[in-house]
Amino acid sequence: MEEKTSFLKNKIDFDSPNKNIMPITSSIDNEGKLRIGGCSIEELVKKYDSPLYILDETTLRNSCKAYKKALERYYPGESLPIYASKANSSIFMSSLIASEGFGLDAVSEGELLTALKGGVPTEKIVFHGNNKSDKEIEFAVQNNIKIIVDNDHDLKRLEKISNFLNIDLEIMVRFTPGIECHTHEYIRTGSFDSKFGFGLEYLKTLFKVISHTKHLKLNGLHAHIGSQIFELDPHKDLGEIMVNVILEAKKYGHDIQELNVGGGLGIKYTQEDDPPSIDEWVKTISFSVIKACEKNKITFPKLMCEPGRSIVSTAGVTVYKIGAFKEIPGIRTYLSVDGGMSDNPRPITYQSSYSACLVSNPLNLNSRNKYTVAGKHCESGDVLFKEIELSDCNTGDLICVFGTGAYNLSMSSNYNRIPRPAALLVCNGEADIIQKRESPHDLLKYDVLPNRFIKQS
Ligand SMILES: *Cc1c(COP(=O)(O)O)cnc(C)c1O
């Protein structure tokens with residue numbers, strides 16, 4: 001019988017980690033147990049407790065290298081891959097992507113600070129957001145960070161600041177290219193009905209307005225179609241649309257030298273997912289920009305892309321300990337774990353699917369049962385897996401969920417006052433803490449009891 005969940009037997013794609021379910025260093029040791037980055041998952045949980053986020057350095061670096069290599073291979077002009085830090089923001093991640101020569105995209109002062117602390121050069125950071133605060137804009141300008149203008153409100157404030165300081169500011173403009181793609185409604189951003197960026201129809205007016213400012217220099221365009229995209233066609237169209245906008249901007253005196261095509265490449269969460277490789281994705285975008293530039297006889301702009309998920313998701317796993325079982329005869333068996341929607345809000349938010357295995361039996365040998373894996377939060381919808389095949393398991397066994405490197409820790413909460421798990425980095429048999437585990441006491445740190453509620457003795 002073909003085993004549906006025996007994904008450890010899949011051939012590993014080292015060049016494009018997003019095409020694997022597991023980190024590329026995943027293996028099974030002599031005792032038949034799961035290892036990642038040369039570390040025994042069971043030993044890590046003994047030492048660091050559960051739930052536990054684990055990131056595999058080799059998978060992370062291979063993902064970065066794949067983008068760099070493909071850009072060098074397919075794009076004849078200058079290029080810069082930029083990591084979309086909202087996928088997983090930490091001083092460690094900033095430091096790692098800086099060491100790979102990447103830039104970084106941030107959308108808040110917190111993400112900007114994290115990037116600077118991690119050593120990302122300011123000239124490689126871009127600042128996004130559809131509602132930047134005055135303080136955030138000032139922080140970015142003070143630190144020489146390029147701002148991506150999302151709307152008129154941004155534009156007005158940047159004009160004011162540049163006039164006040166009497167300095168020229170280079171800006172990029174984000175627009176919605178009007179491209180539909182098949183992904184979840186909440187993470188679709190490229191179609192006309194989106195809260196992000198300027199509409200195509202407004203660009204002429206915008207270019208006119210910018211050309212009348214004293215200090216704003218428009219030198220870049222940005223568009224991001226959406227996230228977890230499996231098709232290549234939307235990006236095939238994007239190159240041509242953006243080059244047409246460059247031509248339009250030229251009529252108003254703007255010399256656009258940078259194109260940022262956003263991110264969005266999907267990853268393989270389950271056996272059914274079949275995303276393109278990083279190489280194919282970069283090739284598609286490069287060729288579409290090259291073709292449009294050649295057709296219009298313009299020099300190749302600097303090409304930037306902004307992958308988030310496809311850099312970090314496959315590198316990450318979450319390990320939970322199994323606690324309670326509840327069998328509802330003839331219906332289902334619930335198995336509850338020691339985390340859930342606070343450390344991974346994607347299933348309850350987007351109905352996302354994942355893959356998982358038992359740490360002590362990754363190949364899922366012997367008898368298999370269907371389980372519903374529930375989190376420990378007070379929501380009936382806090383379910384990580386509706387139906388998953390696992391071998392017989394018991395209270396105390398460990399379950400490893402794959403593909404949790406992106407949009408898990410960065411979207412985590414303290415719902416039910418549950419502390420965030422620790423995060424580890426593994427490489428060559430060594431493990432390092434990259435984020436400490438929170439304690440319940442940490443969660444009280446910002447609570448304040450008004451004086452009149454404190455009992456007088
Ligand atoms: C979210 C986002 C990205 C990254 O998207 P992924 O799907 O994680 O690659 C890139 N650019 C912008 C503007 C985004 O909002």
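What's counted below: heavy atoms across the whole structure, side chains too, no hydrogens, waters or symmetry copies. Both ligands and their constituent atoms are indexed starting at 1 by order of listing.
- In this structure, Leu424 and Leu44 have side chains that are in contact, with non-hydrogen atoms separated by less than 4.5 Å.
- With ligand atoms numbered from 1 in the order given, ligand 1 contributes 4 (C), 6 (P), 8 (O), 9 (O) to contacts under 4.0 Å with heavy atoms of Gly308.
- Every atom of ligand 1 with a heavy atom of Ala84 under 4.0 Å away is listed here by number and element: 3 (C), 4 (C), 10 (C).
- Contact atoms of ligand 1 toward Gly263: 9 (O), 10 (C) (distance under 4.0 Å to a heavy atom of the residue).
- Interface of His222 with ligand 1, defined as ligand atoms under 4.0 Å from a residue heavy atom, comprises 13 (C).
- Taking the side chain as every heavy atom from C-beta outward, Val173 and Ile210 approach each other to under 4.5 Å.
- No side-chain N or O of Thr122 forms a donor-acceptor pair with one of Asn144 less than 3.5 Å apart.
- Results of the ring-ring contact (aromatic ring centres under 6.0 Å, His included) test with Tyr354 over Tyr407, Tyr269, Phe402 single out Tyr269 as the only residue that passes.
- One option in Pro307, Ala406, Gly266, Ser227 has a heavy atom closer to atom 6 (P) of ligand 1 than any other, and that option is Ser227.
- At a threshold of 4.5 Å between non-hydrogen side-chain atoms, the residues Ile298 and Cys293 count as touching.
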| field | Audit row: Phe198, Asp152, side chain to side chain contact (heavy atoms under 4.5 Å, CB included) steps and yes/no | value | CA-CA 9 Å; Phe198 293 94; Asp152 279 327; 3.9 Å; yes
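- Using a 4.0 Å heavy-atom cutoff, Phe196 is absent from the residues neighbouring ligand 1.
- Looking only at atom types and distance, the side chain of Asn364 has no donor-acceptor partner in the side chain of Glu389 under 3.5 Å away.
- For Asp105, every heavy-atom contact with ligand 1 shorter than 4.0 Å involves the side chain, none the backbone.
- Annotation: Arg174 places no N or O atom under 3.5 Å from an N or O atom of ligand 1; distance criterion only.
- No side-chain heavy atom of Pro301 sits less than 4.5 Å from a side-chain heavy atom of Glu258.
- In the vicinity of His128, heavy-atom distances shorter than 4.0 Å reach the ligand 1 atoms 13 (C).
- Looking at Gly264 next to ligand 1, an N or O pair under 3.5 Å apart turns up.
- In the candidate list Arg309, Gln228, Glu306, Glu306 is nearest to atom 10 (C) of ligand 1, counting heavy atoms.
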